[in-house]
Amino acid sequence: MQENHWCASVDATIQLRTGCNPLEKHGPQAVVVHADAWAPMDAIADPHDIRQVVDYEVIFLAIRRLEQNAHCECLESSILEVMDAIFSIPPVSSAFVSMHKPHVYNGQATPAISLSMTRMQWQKMRK
Ligand SMILES: Nc1nc2c(c(=O)[nH]1)N=C([C@H](O)[C@@H](O)CO)CN2
């Protein structure tokens, strides 16, 4: 929670080709995604205008687009792609993205990876 910030959040379940285990390379599996995008209140002059707010549909569509990707070994690759989409939204100052695989260990464990970044950290990483 960040005070005086708007937070646009998306929870989605997608079918993603991911994983380094040979058993995961046969087809897509369910991946549960959570994304938060924070923007300072004073960066959005008119919160009634869809062109100014943090449009959560941009985030949702970026998450859905992951389903079209070729197989990637690590969830980290997919998280970074969602981060790029989130920081393409100008007022966003920080973001959090997590992904977990609900079925990979047959209900015994639910592994998850997450990343939290400020815009400055994201810009530095992308240089
Ligand atoms: N940091 C990560 N560790 C692991 C990942 C991952 O995506 N990021 N993936 C796996 C396997 O795919 C696992 O889910 C099934 O064997 C292991 N560790």
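Atoms within each ligand, like the ligands themselves, are counted from 1 in listed order. The structure presented is a predicted model; accordingly, all values stated were derived computationally and were not measured.
Pairs of residues two or more places apart, or lying in two chains, never qualify as ring pair (Phe, Tyr, Trp, His ring centres under 6.0 Å) while including a residue from residues 34-76.
What you find for Thr13 and Ala30 is that their closest heavy atoms are CG2-CB, 4.3 Å.
Taking 4.0 Å as the cut-off between side-chain N and carboxylate O, Arg126 and Asp84 count as a salt-bridged pair.
Val104 belongs to a hydrophobic cluster whose remaining members, ordered by chain and number, are Tyr105; membership requires side-chain heavy atoms of ILVMFWY residues under 4.5 Å apart, directly or through intermediates.
Every protein residue with a heavy atom nearer than 4.0 Å to ligand 1 is included here: Gly19, Cys20, Asn21, Glu24, Glu73, Cys74, Leu75, Glu76, Lys101, Val104, Tyr105, Ile113.
The side chain to side chain contact (heavy atoms under 4.5 Å, CB included) search around Glu73 returns Cys20, Lys25, not counting sequence neighbours.
One N or O on the side chain of Glu24 and one on the backbone of Asn21 form a donor-acceptor pair closer than 3.5 Å.
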